[in-house]
Amino acid sequence: QNCGVCGRSGATINCWEPSCGQSFHLPCALRGECITQYFDYFRGFCSHHRPQQAVDRDPEPHTDCLLCLEAVDDSKSYTTMVCPACQHAWFHRLCIQGHALRAGISAFQCLLCRDKELFQQEMLRMGIRIPRR
């Protein structure tokens, strides 16, 4: 199958949406704004069918990522994520993924409100891989 992101053959991840015929390579997922979930069943979603965060607001102007202290986008996007518990902690996707890889499942939590359960569930649903070490 051809990858919907790079166009080359050998795409092995199919969109979980039954009516979608989109496939992609795992390394192309981030570039194509696809989401791969690493819990229960391994599921992949194309950019059109990926889960969205259920947040009722956008970040305030000049909001910084709590990890890198650089500005986040002015609206919700694939690259901008928020803590579902407090809805005040905003992160870049790459920053929160790095934090998850360093912290592991036992220490991965929101840096602002320290919520662990809801935060981890949402990050897993949004494609953040959290190692069990």
_Among Met126, Glu33, Gln37, which residue satisfies the side chain to side chain contact (heavy atoms under 4.5 Å, CB included) criterion with Arg50?_
Glu33
*Starting from the C-alpha separation in whole Å, work towards a yes-or-no answer on side chain to side chain contact (heavy atoms under 4.5 Å, CB included) for Asp58 and Thr80.*
CA-CA 10 Å; Asp58 289 331; Thr80 302; over 6 Å; no
Roughly how far apart are [X] [atom1] and [Y] [atom2], rounded to 0.5 Å?
{"X": "Phe119", "Y": "Cys86", "atom1": "CZ", "atom2": "SG", "answer": "8.5 Å"}
{"X": "Met123", "Y": "Cys83", "atom1": "CE", "atom2": "SG", "answer": "6.5 Å"}
{"X": "Ser23", "Y": "Gln1", "atom1": "OG", "atom2": "CD", "answer": "3.5 Å"}
{"X": "Cys28", "Y": "Arg8", "atom1": "SG", "atom2": "CZ", "answer": "6.5 Å"}
{"X": "Phe108", "Y": "Ile130", "atom1": "CZ", "atom2": "CD1", "answer": "4.5 Å"}
{"X": "Ser106", "Y": "Gln109", "atom1": "OG", "atom2": "CD", "answer": "10.0 Å"}

At their closest point, which heavy atom of [X] faces which heavy atom of [Y], and how far apart are they?
{"X": "Ala54", "Y": "Glu122", "result": "N-OE2, 4.4 Å"}
{"X": "Ala89", "Y": "Cys110", "result": "CB-SG, 3.6 Å"}
{"X": "His25", "Y": "Ala11", "result": "NE2-N, 3.4 Å"}
{"X": "Cys68", "Y": "His92", "result": "SG-ND1, 3.3 Å"}
{"X": "Cys46", "Y": "Gln22", "result": "CB-CG, 3.7 Å"}
{"X": "Phe45", "Y": "Trp16", "result": "CE2-CB, 3.6 Å"}

Linking I/L/V/M/F/W/Y whenever any side-chain heavy atoms sit under 4.5 Å apart, do [X] and [Y] land together?
{"X": "Tyr78", "Y": "Leu67", "value": "yes"}
{"X": "Leu118", "Y": "Leu112", "value": "no"}
{"X": "Phe91", "Y": "Ile35", "value": "yes"}
{"X": "Leu26", "Y": "Ile128", "value": "no"}
{"X": "Ile96", "Y": "Leu66", "value": "yes"}

Would you find a donor on one side and an acceptor on the other, under 3.5 Å apart, between the side chain of [X] and the backbone of [Y]?
{"X": "His49", "Y": "Cys34", "value": "no"}
{"X": "Lys76", "Y": "Asp56", "value": "no"}
{"X": "Arg125", "Y": "Gln121", "value": "no"}

*asked:* Other residues, nucleotides and ligands only: do more than 12 of their heavy atoms fall within 6.0 Å of CZ on Arg57?
replied: yes
*From CA spacing to verdict: side chain to side chain contact (heavy atoms under 4.5 Å, CB included), Gln120, Ile105*: CA-CA 8 Å; Gln120 284 186 8; Ile105 197 109; 3.6 Å; yes
*asked:* Arg129 vs Gln97, test: side chain to side chain contact (heavy atoms under 4.5 Å, CB included). Steps then yes/no.
replied: CA-CA 7 Å; Arg129 189 173 71 82; Gln97 179 61 77; 4.0 Å; yes
*Heavy atoms, side chains only, cut-off 4.5 Å: are Leu30 and Leu94 in contact?*
yes
*Starting from the C-alpha separation in whole Å, work towards a yes-or-no answer on side chain to side chain contact (heavy atoms under 4.5 Å, CB included) for Ile13 and Phe42.*
CA-CA 10 Å; Ile13 301 173; Phe42 178 82; 4.1 Å; yes
